[in-house]
Student: 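Below is a structure I'd like to ask you about.
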Amino acid sequence: MDLIDPRDCPYYLLSRVTLSVTSAMKKGFDAAGVSEVKPAYLGALMSLWAEDGLQVAELGRRAGLEPSTMTGLLDRMERDGLVERRQDPDDRRAQRILLTSQGRTIRPLVLEQVDRILGEVFTGVSKEEMDQATAFLRRVLENAQEKNPR
């Protein structure tokens, strides 16, 4: 087997980018005084900021998380004072996830940090390149999900 330079391996690059940006987000949240927010919470928080009170299954779908992953994530978010679970009044079997006042209040600080950090890590990347990269990553994600269904 030929050895390859990891910098030429798309998986390696995606993994390193993810780890580096996640680390930058965590540091940014800590510096902004919102250390209760973890980068892993962003998909759920952004979904709830768009539409509060989603059922757990719908929140997981929008955040792109498996049900088992969603349960643990919500446990941590609830522990950190960002969300609360409530019984769905229209469906006894379902729960709705609602932002706490803290979960709503932190929105501007969190989004400011996300914008700042993404601005830093995408320095020198044109809008056209960003649009192409976004489309490319969406296609790769769709392919991966299609070939490896949940």
Side-chain angles (χ1 to χ4, degrees), residues 10-11 13-150:
Y11 173 75
L13 292 171
L14 285 169
S15 297
R16 293 306 309 153
V17 166
T18 299
L19 291 170
S20 295
V21 174
T22 297
S23 177
M25 290 283 180
K26 185 175 180 336
K27 289 176 186 171
F29 296 155
D30 289 348
V34 287
S35 58
E36 66 273 23
V37 177
K38 311 301 182 243
Y41 298 174
L42 286 176
L45 283 172
M46 289 177 175
S47 296
L48 290 168
W49 288 332
E51 185 178 349
D52 198 7
L54 294 170
Q55 285 188 351
V56 174
E58 178 61 16
L59 179 58
R61 188 188 67 71
R62 291 185 189 189
L65 298 172
E66 299 283 340
S68 59
T69 303
M70 197 67 220
T71 299
L73 184 82
L74 290 173
D75 288 344
R76 292 188 302 280
M77 291 177 72
E78 197 168 33
R79 175 202 67 206
D80 291 339
L82 302 173
V83 299
E84 62 182 6
R85 292 173 168 108
R86 287 199 193 149
Q87 207 61 42
D88 186 329
D90 301 322
D91 183 349
R92 293 183 309 138
R93 300 164 297 160
Q95 289 184 322
R96 293 201 174 265
I97 306 304
L98 291 109
L99 291 162
T100 62
S101 61
Q102 180 182 2
R104 286 186 299 278
T105 302
I106 61 167
R107 179 183 178 183
L109 285 172
V110 170
L111 293 179
E112 179 182 307
Q113 289 305 306
V114 170
D115 285 346
R116 181 185 66 76
I117 292 160
L118 292 180
E120 289 174 0
V121 301
F122 288 111
T123 297
V125 177
S126 71
K127 175 162 179 14
E128 180 181 272
E129 289 172 315
M130 180 62 76
D131 291 345
Q132 290 171 347
T134 301
F136 166 77
L137 291 171
R138 277 194 192 117
R139 187 174 45 220
V140 171
L141 180 59
E142 289 167 4
N143 290 344
Q145 290 173 336
E146 181 181 306
K147 301 296 181 198
N148 299 295
R150 296 176 184 191

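Count residues from 1 along the sequence.
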Student: Can you name the closest pair of heavy atoms from R76 and Y41 and give their distance?
Tutor: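 Scanning both residues completely, I find the closest heavy atoms to be CB-OH, 3.3 Å.
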Student: Are E112 and R116 ion-paired here, with the side-chain N under 4.0 Å from a carboxylate O?
Tutor: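 Judged by the 4.0 Å cut-off on N to carboxylate O distance, E112 and R116 do not form a salt bridge.
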Student: Is the backbone N or O of L59 less than 3.5 Å from a side-chain atom of S47, with the two atoms forming a donor-acceptor pair by type?
Tutor: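 No; zero donor-acceptor contacts below 3.5 Å.
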Student: Quick check: does any side chain N or O of R96 sit under 3.5 Å from a backbone N or O of R86, one acting as donor and the other as acceptor?
Tutor: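 Absent.
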Student: What do the steps show when you test M77 against L45 for side chain to side chain contact (heavy atoms under 4.5 Å, CB included), and what is the final call?
Tutor: CA-CA 9 Å; M77 291 177 72; L45 283 172; 3.7 Å; yes
Student: Between R79 and D75, is there a salt bridge with N-O shorter than 4.0 Å?
Tutor: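 Salt bridge between D75 and R79, a charged N being under 4.0 Å from a carboxylate O: no.
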Student: Side chains of L73 and K38, heavy atoms from C-beta outward: is any pair under 4.5 Å?
Tutor: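 A side-chain contact is absent here, since even the closest heavy-atom pair is not under 4.5 Å.
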Student: Between L48 and I97, what is the shortest heavy-atom contact and its length?
Tutor: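 The answer is CD2-O, 3.5 Å.
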Student: Check whether Q87 reaches the backbone of A94 with its side chain - one donor and one acceptor, N or O, closer than 3.5 Å.
Tutor: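 At least one qualifying donor-acceptor pair exists.
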Student: Taking all non-hydrogen atoms of both residues, which atom of G43 and which atom of A63 are closest, and how far apart?
Tutor: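 The answer is C-CB, 3.8 Å.
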Student: Keeping the roles fixed (side chain from S15, backbone from Y11), state whether a donor-acceptor pair exists under 3.5 Å.
Tutor: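 At least one qualifying donor-acceptor pair exists.
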Student: Would you say D52 and R104 make side-chain contact, with heavy atoms under 4.5 Å?
Tutor: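 Yes, close enough: below the 4.5 Å cut-off.
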Student: Distance from L42 atom CG to F29 atom CZ, nearest 0.5 Å?
Tutor: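 Answer rounded to 0.5 Å: 4.5 Å.
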Student: State the CZ-CD distance between R85 and Q55, to the nearest 0.5 angstrom.
Tutor: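 Going from CZ on R85 over to CD on Q55, the span is 14.0 Å.
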Student: As an exercise, state the distance from CG of L82 to OG1 of T100, rounded to the nearest 0.5 Å.
Tutor: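 L82 atom CG to T100 atom OG1 measures 5.5 Å (nearest 0.5 Å).
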Student: Heavy-atom distance under 4.5 Å between the side chains of K26 and T22, does that happen here?
Tutor: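 Result no, sub-4.5 Å side-chain heavy-atom pair not found.
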Student: I'd like to know if R61 pairs up with E58 as an ion pair, taking the criterion as any Lys NZ or Arg NE/NH1/NH2 lying under 4.0 Å from an Asp or Glu carboxylate oxygen.
Tutor: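 Result for this pair is yes, salt bridge flagged.
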Student: Out of curiosity, M70 CE to R62 CZ, how far, rounded to the nearest 0.5 Å?
Tutor: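 Going from the CE atom of M70 to the CZ atom of R62 covers 11.5 Å.
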Student: Could you check whether any side-chain N or O of T123 sits under 3.5 Å from a backbone N or O of E120, counting only pairs where one atom can act as donor and the other as acceptor?
Tutor: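 A pair under 3.5 Å: yes.
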Student: With a 4.5 Å limit on heavy-atom distance, are the side chains of L111 and M46 in contact?
Tutor: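 SC-SC contact between L111 and M46 confirmed.
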Student: Mind checking the CD-CD spacing from Q132 to E128? Nearest 0.5 Å is all I need.
Tutor: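 Spacing of CD (Q132) from CD (E128) equals 5.0 Å.
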Student: Partners of D90 by salt bridge (charged side-chain N to carboxylate O under 4.0 Å, His left out), sequence neighbours excluded?
Tutor: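 Partners of D90 by the salt bridge (charged side-chain N to carboxylate O under 4.0 Å, His left out) criterion come out as none, since no residue qualifies.
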Student: Under the side chain to side chain contact (heavy atoms under 4.5 Å, CB included) criterion, do L137 and L14 qualify, and how do the steps go?
Tutor: CA-CA 10 Å; L137 291 171; L14 285 169; 3.6 Å; yes
Student: Taking atom OG of S23 and atom CD1 of I117, what is their separation to the nearest 0.5 Å?
Tutor: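 One finds 9.5 Å between OG of S23 and CD1 of I117.
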Student: Considering non-hydrogen atoms only, spot the tightest contact between D80 and Q102 and give its length.
Tutor: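 Minimum heavy-atom separation between D80 and Q102: O-OE1, 3.7 Å.
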Student: Heavy-atom distance under 4.5 Å between the side chains of I106 and E36, does that happen here?
Tutor: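 When only atoms from C-beta onward are counted, E36 and I106 do touch, with a gap below 4.5 Å.
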